[in-house]
Amino acid sequence: MAGPGWPATTKHESLSLRHGAFGSLPETFIHILTETNMHTTLHQELAEVIAHRTVAVEFQPIVNLRSKSIFGYEGLVRGPVESVLHAPIRMFEIALRSGMLVELDYLARELVIEQFSKQDLPGMLFINIHPVTMLHEKYCRGKTLDLLNTAGLDPSRVVIELTETYPIDDMFLMKQAMEHYRGSGFRVALDDLGAGYSKLKLWSEIRPDIVKIDRHFITGINEDRAKQQFITTILKTADALGVQVITEGVENKEEYKTVRKLGIETVQGHYFCRPVTVPPKSPAAKLFRQERRRNKTVDPKTVEDLVKPAFPVQTTTNVYTVGDIFTGTPDLESIVIVQDDEVLGMVLRNEFMNMYASMYGKDLYGKQPIVRFVNRNILQVEKNFSLEDVSYRLTTALDTYTDEFIILDEGKLLGKGKLIDLLHEITSLRIKQARHANPLTLLPGNVPIQEHLFKLSGEFNPYVVCYFDLDNFKPFNDYFGFARGDTVIRFVAELLLANSNEKQDFVGHVGGDDFVIIFCSSDWRSRVDRILVQFDESIAGYYEGHYGETIVACDRKGDLRQYPVMTLSVGAVIVPRHARHYSLDLPGEASVAKHEAKKLKGSVVYIHHIEDEVQDSL
């Protein structure tokens, strides 16, 4: 720097400015000079990055835990490697200070959309847009739509993710911008929910379609009850508002298992995949394997029953060889591509032959490795997945090939399944369920009840069989007629369903006024007590003013007698852990317990414990 009273200095002399002929300069002034020079340098570097489009694009998958599939991808950008601009937060901070935020934000959108389309990624695309950009005078509406039109993407597949790094002062303009995006067919997401009061206020103001919970509340959530309670509260609020929730920052198996138990369906984090340039098109099946506890004894109908042989080849196999295989095997619809033991996807006959049989197809691609033509949008499931799980995944996953799917055994190729076989088996199950369901309540009847008990016998876990029977139902039915009696039967069915855990317990209708609940819930006793209280409180409404009075009706011998109001008797059989289930007559034991309960007055439960001598001796 040169000027009046200041000598010209070189780069090597600048360090002497702190202590020199002019005395000591203030540290603050030195800091200002350094920051100013650094900002000027970074400003110039950022301008070159934008001009030369040297921004790298990465994608991080967002996974739907229920369907075990990709819900979408968040598009991310980074600056050049070995530069301060490599970190996205720093790059956008410098862009804001340099007045280039609009240019950088638009470039990021353009490159993310371009790469998403080029890689033909499935699901939704999440695009981060800085709110300052939307409120900036240079901001021009319609640019994102233009980019999508160029890339051939529909706006319905794009989520505008609002990142709030800086406070938003003009809420009216923000709401206008959000309404513009929704009106154009986009969905809107609010990022980092929970990071301060302003985010909750923004949620209430713009009413996003999706909220993403800040990673702070997920880190260590498996050991933090307060964080678990926060997530539960957010889920209830989101459910009431019809908003979808995504949790960010799921980094390990323990956090994943906890958020799954809390009811989170959509997650994002390093446990599934870090941000990468070329992301997977489906999550690895082994990431879900730990929570699958079903086996062939517990659930006799799994996709293992549908396994057909698969034809695998390694990734290094050339196109010529694959062409010869397809040509020599006319019935072969697909070839599975593996890299050592890892299954990557399939090469489908129709897709491959269209390329291979085209003009110059063999000459252009014949010597190339087949991995270049693998279709990764193929469903992969473990052999113990239920038919219903696989059916749900196939019908909800976007852009997934559905005619066939890959079946794994501990992550290794076992074979493949066909959609037509899956549909046939599910249809047969539905017909069977309908055949054995009670026509009045549509609850499972005796055959499904026995099958469920057989399934539980393979788990060696404790459970409780509760036999429910109405007292004095026949005289009520005779007095008021079968239509009123059917109404009471349906009421009891609804009462049992409402007080059972649909994910753990089994409710069946033995016939007439007899029901059964097979409880795996540990709080079964409080559920039964609640059923009895609610029954006693509600049964009066079915008597039409006769409640509290006796009903005169014929007994089984045809003699007239007086009957009191209906009550509900319950016989409960507690089956301990490791009991030798196959040697037990559980329906008989439950019936005996029910008869003991009917000897007691009022709505009661009689509990029978299986004796120690039936315990498994192993």
Side-chain angles (χ1 to χ4, degrees), residues 292-306 384-392 421-470 473 486 488-521 524 527-528 531 568-575 579-594 608 610:
R292 309 300 299 190
R293 295 181 297 176
R294 295 179 178 175
N295 53 48
K296 199 169 181 66
T297 303
V298 178
D299 187 354
K301 285 297 181 182
T302 66
V303 291
E304 186 176 9
D305 297 299
L306 306 180
N384 52 10
F385 274 34
S386 70
L387 303 182
E388 289 79 6
D389 283 345
V390 178
S391 176
Y392 181 85
D421 296 334
L422 175 67
L423 295 178
H424 180 270
E425 286 295 329
I426 290 179
T427 301
S428 298
L429 284 175
R430 294 287 183 266
I431 293 174
K432 181 180 179 181
Q433 290 170 356
R435 182 186 303 128
H436 296 295
N438 186 281
L440 179 60
T441 61
L442 300 181
L443 290 175
N446 284 315
V447 172
I449 292 171
Q450 293 284 3
E451 289 180 346
H452 190 75
L453 287 172
F454 177 74
K455 292 177 184 179
L456 290 177
S457 70
E459 290 187 329
F460 298 102
N461 288 322
Y463 58 92
V464 181
V465 181
C466 287
Y467 197 144
F468 295 78
D469 185 21
L470 284 168
F473 174 75
D486 287 350
V488 171
I489 295 297
R490 285 192 291 266
F491 158 67
V492 174
E494 293 170 359
L495 188 62
L496 302 188
L497 287 171
N499 287 282
S500 58
N501 185 331
E502 64 177 351
K503 294 182 179 180
Q504 293 182 285
D505 307 326
F506 180 95
V507 182
H509 190 171
V510 178
D513 59 330
D514 291 358
F515 295 84
V516 66
I517 299 182
I518 304 172
F519 283 108
C520 290
S521 300
W524 71 270
R527 293 176 182 272
V528 171
I531 289 170
L568 187 59
S569 295
V570 186
V573 178
I574 299 179
V575 184
R580 206 162 33 199
H581 300 203
Y582 57 83
S583 66
L584 301 177
D585 177 16
L586 289 175
E589 298 275 358
S591 181
V592 171
K594 178 203 67 172
H608 172 55
I610 299 296

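Basis for what follows: all heavy atoms, side chains included, without hydrogens, waters or symmetry-related copies. Being a predicted model, the structure only gives us computed values, none of them experimental.
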Using every non-hydrogen atom in the two residues, find where [X] and [Y] come nearest and quote the distance to one decimal.
| X | Y | result |
| --- | --- | --- |
| Tyr463 | Asn461 | CD2-O, 3.3 Å |
| Cys466 | Val528 | SG-CG2, 4.0 Å |
| Ala593 | Val573 | CB-CG2, 4.3 Å |
| Asn438 | Leu440 | OD1-N, 2.8 Å |

Are the side chains of [X] and [Y] in touch, meaning some heavy atoms are under 4.5 Å apart?
| X | Y | value |
| --- | --- | --- |
| Gln450 | Pro587 | yes |
| Val507 | Glu502 | no |
| Val488 | Asp513 | no |
| Glu425 | Leu306 | yes |
| Ile517 | Phe468 | yes |
| Leu453 | Ile518 | yes |
| Ile449 | Phe454 | no |

Once rounded to the nearest 0.5 Å, what's the spacing between atom [atom1] of [X] and atom [atom2] of [Y]?
| X | Y | atom1 | atom2 | value |
| --- | --- | --- | --- | --- |
| Cys520 | Leu456 | SG | CG | 5.0 Å |
| Leu422 | Glu388 | CG | CD | 9.0 Å |
| Phe385 | Glu304 | CZ | CD | 13.0 Å |
| Ile489 | Glu494 | CD1 | CD | 12.0 Å |
| Leu496 | Thr441 | CG | OG1 | 9.5 Å |
| Asp486 | Phe491 | CG | CZ | 15.0 Å |

Is it true that a side-chain atom of [X] and a backbone atom of [Y] form a donor plus acceptor pair closer than 3.5 Å?
| X | Y | answer |
| --- | --- | --- |
| Ser391 | Leu387 | no |
| Asp505 | Ser521 | yes |
| Asp305 | Thr302 | yes |
| Ser428 | His424 | yes |
| Asp514 | Val510 | no |

- [ ] Check step by step if side-chain contact (heavy atoms from CB on, under 4.5 Å) holds for Val575 and Leu586.
- [x] CA-CA 9 Å; Val575 184; Leu586 289 175; 3.7 Å; yes
Task: Ser569 and Asp469 side chains, donor-acceptor separation under 3.5 Å - done: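 Judged by distance alone, the side chains do not pair up.
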- [ ] Specify whether His509 and Phe515 have parallel, tilted or perpendicular ring planes, treating 30° as the upper limit for parallel and 60° as the lower limit for perpendicular.
- [x] parallel
